[in-house]
Amino acid sequence: MPELPEVETVVRELKSLIIGKEILSITPLWLKSFDQKSKTKITGQNVEKISRQGKYIIMHLTGSYLIVHLRMTGQMLFKNDNTKVVDPHIRVLIQFTDDTALHFKDTRKFGRIYHVDHPESVLQKVGIDALDPNLKEEWFVSALKKSRMNIKALLLSQRLLSGIGNIYADESLFRSGIHPGSIAARIPGNSMISLFNNIRDVLTSAVENMGSTISDYRDSYGNKGNNQNFLKVYQRNGKPCEKCGRPILKVRMAGRGTHFCNKCQKIYS
DNA sequence: CCATGTACCTGAAGGC
DNA sequence: TGCCTTCAGGTACATG
């Protein structure tokens, strides 16, 4: 479910909710959801800092790290009343010494919480964050020129940039007039620059709108996002393109449902 | 290098 | 009311 804007929304909330808290215990309710790679004891460690790389939430503890990936249906829900777990989809319970807690809810069980000594052990293959302020369009252009990949697959790969998923890949390509089946290196330079800027704009405004809720996404308070109301192609198949009025198409590409306008988005192959 | 399929899971929705 | 198929904000891994 969650892509960069949804994860960023959760990170911002968690910063205000749990920085400084001391961990009492962490309890896996579904074993695979918690990947214990560190030998350090979690009990007694404090949450000192929270950051994000792509779709990963990085909780910096006193002597180790908790790294969370929400995958399709994960939610990090903050609970003031650390009483009992009623929701059957809670997979990991993180309790703090002040009787508050985080409930990691994950219906489909794809998500993970890793406990590691070094973030690199999880983030090794993850590309630079798509909203990293140091990113330069010249770098993006030269990287695209080296790739023979289909542009949609490249954006989804997390290798070059991290944080873009199926919604924001389709939205960014639509706004840039690039057909998702285009070969990366064949896209004209000015369109590559347009894509770079549209990726950043689309993600930034989605963060301002607290992310997109299609079905499962919720922030740490359990609230839905608002950005689903501003999408131009994602799940708008059959509806008129905002630019030309022709119906938005949906096909399967890179293994995912892919939405685009066949007239407004040019294919470079 | 790149594309495709499968696996991991649950639940909602649609067809018959 | 079933029963069956397909699909879903993701990613890792195996196979051509």
Side-chain angles (χ1 to χ4, degrees), chain A residues 1-11 29-35 52-57 67-76 87-92 104-114 121-127 130 143-173 180-186 199 202-203 206-207 209-219 223-238 250-259 269:
Chain A
M1 73 182 200
E3 308 179 30
L4 187 153
E6 292 75 37
V7 178
E8 175 63 18
T9 301
V10 170
V11 164
L29 303 174
W30 176 257
L31 288 181
K32 284 185 176 174
S33 299
F34 182 57
D35 191 343
R52 180 185 60 73
Q53 184 177 341
K55 302 171 193 170
Y56 291 84
I57 301 167
I67 301 186
V68 182
H69 198 303
L70 303 171
R71 292 284 183 101
M72 297 289 268
T73 57
Q75 302 174 9
M76 284 297 269
D87 191 318
H89 297 121
I90 306 302
R91 308 304 181 193
V92 181
F104 178 52
K105 174 177 172 174
D106 184 20
T107 303
R108 289 177 69 185
K109 301 175 174 172
F110 290 167
R112 288 290 178 276
I113 298 182
Y114 306 90
S121 62
V122 173
L123 304 174
Q124 218 154 21
K125 294 177 187 167
V126 181
L144 286 203
K145 285 182 177 170
K146 289 176 197 149
S147 176
R148 299 275 320 151
M149 269 178 96
N150 160 312
I151 187 62
K152 165 109 187 200
L154 180 61
L155 293 179
L156 290 179
S157 75
Q158 311 300 301
R159 222 181 52 205
L160 192 61
L161 292 180
S162 62
I164 302 166
N166 207 29
I167 296 177
Y168 302 110
D170 284 1
E171 293 295 312
S172 302
L173 289 168
S182 298
I183 304 296
R186 298 287 180 83
I199 286 170
V202 160
L203 294 176
V207 170
N209 290 322
M210 311 284 283
S212 301
T213 294
I214 304 302
S215 59
D216 295 283
Y217 170 70
R218 297 292 185 279
D219 69 10
N223 296 323
K224 296 180 179 184
N226 301 310
N227 196 65
Q228 64 276 9
N229 301 316
F230 302 99
L231 302 176
K232 299 193 185 298
V233 284
Y234 185 79
Q235 287 199 345
R236 291 197 67 253
N237 37 310
K250 180 180 180 182
V251 301
R252 187 153 285 268
M253 194 179 291
R256 315 297 300 278
T258 297
H259 314 75
S269 54

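Chain naming here is simple, since letters A, B, ... match the order of the sequence lines and numbering starts at 1 in each.
If you check every strand for non-hydrogen atoms under 4.0 Å, A/Arg252 touches sugar and phosphate atoms only. Contact annotation for A/Ser212: base contact, defined as any heavy-atom pair under 4.0 Å involving a base atom. Counting any heavy atom pair closer than 4.0 Å across all strands shown, A/Ser157 reaches no nucleic acid atom. Residue A/Tyr234 is in sugar-phosphate contact alone, with no base atom involved, counting any heavy-atom pair closer than 4.0 Å across all strands shown. Among the protein residues, A/Lys250 comes within range of the sugar-phosphate backbone only, with heavy atoms under 4.0 Å from sugar or phosphate atoms but none that close to a base.
Using cut-offs of 30° and 60° on the angle between ring planes, the pair A/His69 and A/Tyr56 is perpendicular.
A/Leu70 has its side chain within reach of A/Phe104: a pair of non-hydrogen atoms, C-beta onward, lies under 4.5 Å apart. At least one side-chain heavy atom of A/Tyr168 sits less than 4.5 Å from a side-chain heavy atom of A/Asn227.
Considering only the side chain of A/Asn150, B/dA3 comes nearest among B/dA3, C/dA8, C/dT11. Of all nucleotides listed (C/dT11, B/dC2, C/dA8), C/dT11 comes nearest to the side chain of A/His69. In this structure, the nucleotide among C/dT11, B/dC2, B/dC9 sitting nearest to the side chain of A/Arg256 is C/dT11. In the set B/dT10, B/dC8, C/dT11, C/dT11 carries the atom at the smallest distance from any side-chain atom of A/Lys55. Taking the side chain of A/Lys109 as heavy atoms from C-beta on, and the options C/dA8, B/dC9, C/dG10, the nearest nucleotide is B/dC9. The nucleotide whose nearest atom lies closest to any side-chain atom of A/Asn166 is, among C/dG10, B/dT10, B/dC2, C/dG10. Relative to the side chain of A/Arg108, the nucleotides C/dA8, C/dG10, B/dC2 differ in distance, and C/dA8 lies closest.
In this model, the phosphate group of B/dC8 is not approached by any side-chain N or O of A/Lys32 to a distance below 4.0 Å at OP1 or OP2. The phosphate of B/dG11 (OP1 or OP2) has a side-chain N or O of A/His89 nearer than 4.0 angstrom. At the phosphate of C/dG10, neither OP1 nor OP2 sits under 4.0 Å from any side-chain N or O atom of A/Gln158.
At a threshold of 4.0 Å, the pair A/Arg112-A/Asp106 does not count as salt-bridged, since none of the basic side-chain nitrogens sits closer than that to a carboxylate oxygen.
A straight line from CG of A/Asp216 to P of C/dG10 spans 12 Å, rounded to a whole angstrom. Between the OH atom of A/Tyr217 and the C1' atom of C/dG10 there is a distance of 16 Å, given to the nearest Å. At whole-Å resolution of the value, CG in A/Leu156 and P in B/dT4 are 13 Å apart. Atom-to-atom, CH2 of A/Trp30 to C1' of B/dC9 comes out at 8 Å; the value is rounded to the nearest Å.
In secondary-structure terms, DNA chain B builds stems of at least 3 consecutive Watson-Crick or G-U pairs, each pair having both distances under 3.5 Å, at B:2-8 with C:10-16, B:10-16 with C:2-8.
At distances below 3.5 Å, not a single donor-acceptor pair connects side-chain atoms of A/His259 with backbone N or O atoms of A/Asn237. Proximity of a side-chain donor or acceptor of A/Glu171 to a complementary backbone N or O of A/Leu203 within less than 3.5 Å is not detected.
Judged by centroid separation below 5.5 Å and plane tilt below 30°, A/Phe110 does not stack onto the base of B/dC9.
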